[in-house]
Amino acid sequence: MSPLSIKLGRDLWRIKGQAVAIALVVAVGVLLQVMQTGLVRSLDETRRAYYERYRLAEVFAPVTRAPVHAAVDLRKIDGVAAVETRVAGAAMVDLPGAAVPVRAQVASLPAQGAPRLNDVLLTDGRALSGERPDEILLLQSFARAHGLKPGDRISATMNGARHDFTVSGLAVSPEFIYTTAPGELVPDDRRFAVLWMTRTALEAAFDMDGAFNEALLSLSRGTEPDAVMAEVDRLLDRYGGTGAYHLDDLPSNKFVVEEISGIKRTSKTVPPVFMAVAAFLLYIVISRLVDAERKEIGLMKAFGYTSWEVGAHYLKMVLVIAVGGAVLGGVLGILAGRWMVDLYMLYYKFPFLLFRLDPSSFAIGFAVSVLAASAGGLLVLRRVFALTPAVAMRAAAPADYSRARPLGGWMGRVLDQPTRMVLRRLARQPLRMGGAIAGVGAATALGAAMASLLASYDTMVEMSFGVIDRSDVTVTFIHPIAEQSRHDLAAIPGVIEVEPIRVVNAVLRNGRHSYRGAVNGMTVAPRLYRAVDADMADIPIRADGIILSTGLARALDIQAGDRLTLDVREGRRPIVEVPVSGISESLIGSPAYMEIGALNRLLKEPLRISGAFLRVDPVRGDEVYRILKDRPMVAGVALKSESRAALRKMMDQGAGAMRYVMAVIAGVITFGVIYNAARVAQAERERDLAGLRVLGFTRGEVAFVLLGELAAVVVLAMPLGALGGYWLNLAISAGFSTDLYQIPASFGLTGFGQAMIVVLIAALLSGWLVKRDIDRTDLILALKNRE
Amino acid sequence: MTENTFTIRNLKKIYGHGDTAVHALRGVDLDIPVGEFVVLLGASGSGKSTLLNIIGGLDRASEGTALFRDRELTTMSDSELTRYRRDHVGFVFQFYNLMPSLTARENVELVTEIARKPMDADTALALVGLAERADHFPAQLSGGEQQRVAIARAVAKQPEVLFCDEPTGALDSTTGRAVLKVLKEVNERLGATVLVVTHAASQAAMADRVIRFGDGQVIEVKVNETKLTPEQIEW
Ligand SMILES: Nc1ncnc2c1ncn2[C@@H]1O[C@H](COP(=O)(O)OP(=O)(O)O)[C@@H](O)[C@H]1O
Ligand SMILES: [Mg+2]
């Protein structure tokens with residue numbers, strides 16, 4: 001092995017602590033990159049393959065009741081590749097032992113053979129036989145959550161009548177990758193079911209003999225879906241079509257797509273920050289190394305080594321660290337990706353989901369991280385080139401401390417010698433100190449932003465379920481019913497308060513922006529479910545205009561005072577213009593609010609409600625649920641406590657889990673930065689410190705010179721960290737917000753305090769490691785080594 | 001007529017400019033014949049190191065010419081100078097300047113690795129009497145031993161010229177004599193031209209030629225008729 005390679009190895013060994021710290025920073029950047037791009041690819045490809053293999057429809061057209069022959073016309077539409085019709089509807093599954101009935105969706109499958117569109121994948125048991133109308137296929141996740149197996153019997157209420165069924169098999173479907181009960185946002189396997197039955201059985205249950213209530217269409221390649229949907233709407237209008245919608249608006253697909261683009265978003269913002277920090281650290285460390293080795297560099301040049309050869313030597317050092325970090329990050333990224341995939345499988349019901357490394361993006365991530373890290377090293381190379389070999393012949397001049405002379409005056413009387421040494425250094429090398437302060441400040445900012453983000457998740461849950469929604473139970477009816485029914489609800493023993501709501505499905509449009517959602521009709525001054533402003537104060541609901549949530553206003557690019565087109569997708573399907581009268585704060589979903597009477601008037605359906613919020617005496621809760629589930633008009637009963645728990649669980653185990661990965665990473669970076677600052681300071685002053693010891697200063701006093709410097713850096717970095725953290729928190733919380741929930745940017749003292757604790761722990765640990773080294777320093781060696 | 005290793009004419013070196021300019025060399029004329037053992041004497045700051053650095057290809061002159069054999073050093077490009085140092089020149093410094101992270105052998109190999117016709121690193125160490133200490137790190141060697149490693153490193157490439165800037169400056173006289181003995185041997189056995197800068201005037205007695213330096217100029221050049229061996233020198 002060449003002596004330079006040997007020197008490289010030994011030098012790396014000497015700075016191993018720093019090398020590892022920097023490599024870790026590089027590694028976490030690559031980790032994120034590999035994990036996130038891999039996840040995007042895995043989710044994207046699996047989704048596509050799954051949709052294709054099970055022929056998921058591209059256009060869904062619900063209709064009140066259309067005769068079977070209407071499908072013939074649909075098939076003739078230009079660009080339609082295949083049409084399937086089915087009977088679908090809502091059901092309530094009664095499970096022995098469960099207080100609350102489970103909401104379910106039912107869909108028909110052809111009696112014979114596979115459906116042309118929206119096929120299912122049978123995972124257990126056998127397919128529907130076609131002969132027995134009481135057979136069902138059950139959604140696998142629901143069955144597993146309740147321990148149901150093929151052969152078990154369950155009963156369900158459909159269209160007001162109760163039926164008993166035998167589970168013939170379990171199934172999964174691309175239509176239900178992300179399954180939530182209607183009107184809910186968070187999946188809970190136990191609380192939502194899908195039942196597949198033969199067409200004949202469902203036609204009977206829903207009075208649909210020779211008819212269908214949902215058409216599914218697939219399109220030929222390159223077809224513009226909007227034109228097809230308009231034609232479908234026209235054809236189905238007389239059968240009570242409620243408006244065709246595209247796969248993009250299918251809730252399950254929407255969540256999967258939003259999840260994927262969320263990961264894409266964070267992968268574009270966060271890893272580059274880490275890379276920049278790594279490059280900065282490498283720059284500091286290598287430049288310090290080159291400074292310390294001026295003589296060695298001069299010497300090598302004196303022997304006839306070219307600047308390139310010498311430069312390559314130091315560049316190799318950078319590359320070893322960067323490549324080592326990148327490789328480690330790649331491996332960790334794959335492991336983390338696999339772990340995340342397992343988490344995703346809890347919420348996204350893919351039949352299979354393998355973590356697929358994206359080779360090209362891995363290569364790019366690898367190259368970028370190595371280049372970014374090397375950029376720091378390249379800057380240093382300039383100095384290697386500039387050094388003349390004659391340096392080798394000269395003894396190093398003592399560092400010039402003249403700029404710090406004023407400290408000798410009055411301070412001399414107040415401060416002891418070691419304190420003055422600390423201050424002098426800050427004054428004498430403002431650039432280098434500034435670099436250290438910037439580094440620690442950046443690490444603090446990152447930590448504070450991440451800690452605030454963690455807290456924001458709690459804020460989000462608290463605000464949504466404690467402040468905005470103060471009900472205990474949400475009841476949904478099968479279809480809008482007379483307003484008087486609220487009195488029936490209020491009459492149930494244990495119900496304390498009832499607040500009616502009318503939810504109307506609609507497409508909201510503003511110019512070319514549109515959003516498929518719903519308008520909530522509410523009383524003027526609701527108490528249980530409110531619209532609030534940023535200060536959590538009530539916003540009165542208006543009859544003369546609509547109130548939009550911030551997320552919705554953003555999606556539609558609209559402001560208070562503008563006019564909005566409301567394309568109602570039920571009843572008479574009116575299209576009306578309404579003014580936007582206010583913007584409300586909302587963290588979950590993207591609701592819009594309007595006074596219930598005014599909304600009903602728009603629909604020409606006066607005095608209708610589609611659901612209600614209830615406040616319930618906690619002691620009589622179970623009784624209330626039992627009564628509710630036996631009411632024929634009730635389609636669903638949602639307990640807030642369960643919704644809240646489900647949301648929390650999802651944020652901890654699902655997509656939100658990424659925030660923990662990032663918080664750990666922020667911790668790693670913080671430690672990396674501070675440890676480096678301490679080591680660099682130690683290396684730069686090794687001889688001075690040994691000199692002090694020789695002069696009779698104690699170990700403690702000597703350590704103080706160094707650790708005092710570290711402490712000063714940390715203190716000076718605090719305001720920088722607070723400011724940076726504030727901005728970073730804004731960016732990161734925006735990146736983590738999804739269609740499902742918005743993470744409020746809330747940079748607070750708590751988050752900053754937590755970050756400071758991490759910084760202090762890192763500083764103490766680094767200080768201790770460095771002090772241990774100082775204590776061990778062989779005085780003779782330290783003085784002799786660098787002549 | 002004897003051939004010259006170096007032919008130096010009106011060589012000047014000015015550090016800095018304006019009021020703070022330092023005239024380190026004020027017009028040096030010198031001929032250094034091939035294969036001689038030359039000693040440079042002179043007060044501290046008289047410009048000895050500056051001269052050595054320039055003809056060693058480490059630094060550039062401000063004015064004048066310096067020929068190495070028939071090649072002009074003062075007009076060489078950086079890469080030509082690098083080649084020159086790599087192929088023809090060996091250096092020994094006052095403060096040894098060994099790489100602390102490399103063993104004695106590895107320090108020598110650092111040079112043999114890039115030389116044209118190097119001798120074996122162990123042979124070079126044997127030449128300076130340190131064959132047994134080849135695997136020691138600089139920190140494990142005494143000053144004299146470190147300097148001998150530095151000499152082994154300088155001679156291992158079998159250079160035509162060996163520059164030694166105060167090689168005994170940091171050593172006691174016994175150790176210093178051992179070092180001088182090695183230099184003399186290199187001069188005789190390898191036929192290398194050796195230039196030694198020293199403070200100790202008595203060391204001049206072992207040289208073929210003594211150059212006395214003062215205030216950036218050559219004051220006197222003396223050719224010794226009779227020479228002493230290193231053992232005979234006292235300082
Ligand atoms: N890099 C430099 N910058 C400015 N002045 C220098 C530099 N190197 C040497 N000198 C000056 O040049 C003069 C000659 O120095 P040098 O050749 O080192 O003397 P010597 O080796 O004879 O002691 C001295 O006055 C010294 O201060
Ligand atoms: Mg000198």
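No hydrogens, no waters, no symmetry mates; every other heavy atom, side chains included, goes into these values. A, B, ... follow the sequence lines: proteins, then strands. Residue 1 opens every chain.
Within a 6.0 Å sphere centred on CZ of B:R212, other residues, nucleotides and ligands contribute 12 heavy atoms or fewer. In the displayed structure, B:R9 atom CZ is contacted under 6.0 Å by more than 12 heavy atoms of other residues, nucleotides or ligands.
Nearest heavy-atom pair, A:G304 versus B:T82, reported as atom, atom and distance to 0.1 Å: O-CG2, 3.2 Å. In this structure, A:K301 and B:R85 approach most closely via the heavy-atom pair O-NE, 2.6 Å. Closest approach of B:M99 to A:L299, counting heavy atoms only: CE-CD2, 4.5 Å.
The interface of residues 307-316 of chain A with chain B, defined by heavy-atom distances below 4.5 Å, comprises A:E309. Contact residues of residues 107-115 of chain B toward chain A are B:E109, B:L110, B:V111, B:E113, B:I114 (heavy-atom distance under 4.5 Å).
A search for side chain to side chain donor-acceptor pair (under 3.5 Å) contacts involving B:Q158 returns nothing, not counting sequence neighbours.
With a threshold of 4.5 angstrom between heavy atoms, B:F163 does not approach chain A through any atom at all.
Identified under the ring-ring contact (aromatic ring centres under 6.0 Å, His included) test for residues 1-20 of chain A, with sequence neighbours left out: none.
Between atom CZ of residue B:R153 and atom CZ of residue A:F303 there is a gap of 3.0 Å, rounded to the nearest 0.5 Å. Interatomic distance, CD1 of A:I6 versus OG1 of B:T103, reported as 7.0 Å (0.5 Å rounding).
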